[in-house]
Structure formats: C-alpha cells, structure tokens
There are 2 protein chains.
Amino acid sequence: MKFDDKVPIYYQIKQHLYHEILAATLKPGDKLPAVRQLAVDLTVNVNTIQRALSEMITEGVIESRRGKGNFVTQDTARLAQLKEQLVMAQLALVYAQLHALNLSDDEIIESLKRYIEQKGAAQND
Amino acid sequence: MKFDDKVPIYYQIKQHLYHEILAATLKPGDKLPAVRQLAVDLTVNVNTIQRALSEMITEGVIESRRGKGNFVTQDTARLAQLKEQLVMAQLALVYAQLHALNLSDDEIIESLKRYIEQKGAAQND
DNA sequence: CCTAGTGTTCTATTTAACTATTACACTATA
DNA sequence: TATAGTGTAATAGTTAAATAGAACACTAGG
C-alpha cells in the first residue's frame, strides 16, 4: 500500500479499512486479518495498525475479541449511518473547496459531470 | 486560521494561499502581506510561512523580490492552468472515494445534487 | 498442561514538522 | 548614510508519528 506522506499513516489505514467495510468487501461479522498479518501486508508496524483499530473500536465499527481476532460489527444500522456520514463529509469538502474557487453550484455539478464523462472516455471502467 | 492537525501546517497555508490567488482575492501582480505579517496573522512561525512560499515560488505562482515583497505572478495562463488542475484533482479525489464506496456514477452525481439542495435549504448562501 | 494464534501494552529510539531566535541581504526613502 | 521594511537562511530545541522489540493476556486445540 502506498501512503500520502502529508497524512499520518495510521489515519490512512483507518480510512482504508473504513472503505473496505463500507463498500462491503468486509461484511458485518467478518473477521479481519490478524494485526501482525495486517502489519506485514501494509508494511507498517503493529503499533500503527493498533492505533487505527483502537479508534475504530471506539467508533463502534470493529469489535475486538482478545485471543480470537477483530471483527466487523454486525450493527448494520451503525454502518449505514457511518457510510452516509462519510459520503456527506466528502461532498461537503469538495463543495467547500470548489466554492472557494468561485465556482457556482451549477458549475460545480457541471464540472463533476464533465470529469466523469472524460473519465469514461479515457478508460472503460 | 484553524488548522487540521492531520496535515502539515505549511501545506494548509499553501493551499490557503492558492485558494486566495485562484479565486482572485489576490490578483495577478498583487503584493502579498509581508512574511512576518503573515506569520502573525496565521499565528505560525516565519519559517513555516517561508516553506509554503518557497514551494509556490518553485511552482511559478509567486515571485519573490528581495527587499520588496512577494507578488502573485502575472502569468495568467499559468494561473488558469493551475486552477483547472486543482479543480480536476479535487473531483478525481472525491470521485475515487465515493466510487470505492460502491456508488455508481449516477449516484455520485445525484448525491452531490442532494447535498447542494440540502445545503441551500439549511442556510441561505 | 502446553503450544500456537490472537489482541494489548510498554519502553526506547528515530524522524519530520514546527517553533524560537538570530543573523544576513536587499530596497526605498528621509 | 542611516533606518525601516522586506525576503532569506542557519541553528537549536520541542513535539508527535512511526518504528523496533519485548512482554503480557486470552482462546482454542492437541
């Protein structure tokens, strides 16, 4: 995994895991890879994995069972809520950024459409 | 100015200045506030300001004139190019994030529209 | 009971960002 | 030429992220 050195690695790992869970690559109740395995896979230290996981445990996304492993919560309502929050946060961010560049609401929507069309033309998804 | 502690301060300052320039709050040829003044305004050290500025000088956005000050470049073509790049980069980012959450192209566009409508309803812009 | 696999915690060290401080270089102007 | 305002650069110290390594706690299975 490649990291952006502008953002703490533990935070990027957290976002990575969030995406896997909210995109249902990891389903409710699924067991995550062992922390030592994740550390190898992502070529970081166990402590860095642990830091990402401990925040997600606090947030109710992951349940930890000592001696067994880490598991995706089965609280699907919580997951749906978090997904909606994440989508809205992303949109709010990009909207604020583009609005700050003096793009109107319509221009923002249009430029997104243009981007998607260009993307589709450049490479079939 | 408030900073996100997940991202280096110098980098946030750079983005902040980019926005002011590309939104034409600071126009081509305009003089920027003195580095020591910026340091006071943004409550950071001069070196942190300098680091942001030196990258922007390398990128051709700002011209430095020793003893006089820092000035926005008058190369409007360069500015237009950078603005387009920045907009596209923002869109690419949010698209990738939402796509990774299994939202289709249409759903991404629709959710942006919904966000903007909600925003307009919640607070007149 | 022992062992392997798991999560958890602690200490020490390294590195990069940021700060504080000082000094230097150049420009304009009184 | 003296002074104030500007950018530039170097040094030293602080802090947080990340690493390395070790130890501890719990579970399952032979």
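Letters A, B, ... mirror the listed sequences (proteins, then strands); counts begin at 1.
Using a distance-only test at 3.5 Å, with no hydrogens or angles considered, no donor-acceptor pair links the side chain of B/Thr43 to the main chain of B/Val40. Under the 3.5 Å distance criterion, the side-chain polar atoms of B/Asp30 are left unmatched by any main-chain donor or acceptor of B/Val72. With A/Glu107 contributing its side chain and A/Ser104 its backbone, the two residues share a donor-acceptor pair below 3.5 Å. Side chain of A/Lys68 to backbone of A/Lys31: no donor-acceptor contact under 3.5 angstrom is found.
In terms of phosphate contacts, A/Ser64 brings a side-chain nitrogen or oxygen within less than 4.0 Å of OP1 or OP2 of C/dT8. At least one side-chain nitrogen or oxygen of A/Asn70 sits closer than 4.0 Å to the OP1 or OP2 atom of C/dG7.
Boundaries of the chain B contact region on DNA chain D are D/dG5 to D/dA10, first to last in 5' to 3' order (nucleotide atom under 4.0 Å from a heavy atom).
Nearer the 5' end of DNA chain D, as judged by each residue's closest nucleotide, is the contact made by B/Lys31, out of B/Lys31 and B/Asn47.
The stretch residues 2-18 of chain A does not touch DNA chain C, since none of its heavy atoms comes less than 4.0 Å from the strand.
Using a 4.5 Å cut-off on side-chain heavy atoms (C-beta onward), A/Ile13 and A/Leu38 make no contact. Considering only heavy atoms from C-beta on, A/Ile21 comes within 4.5 Å of A/Ile62 through its side chain. Side-chain atoms of B/Ser111 and A/Leu91, non-hydrogen and from C-beta on, do get closer than 4.5 Å to each other.
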For nucleotides 22-27 of chain C, tabulate all protein N/O to nucleotide N/O atom pairs closer than 3.5 Å, reporting atom names and distance.
unit_1 : atom_1 : unit_2  : atom_2 : d
C/dA25 : O4'    : B/Arg66 : NH2    : 2.9

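Atom CD1 in A/Ile116 sits 4.0 Å away from atom CD1 in B/Ile109 (nearest 0.5 Å).
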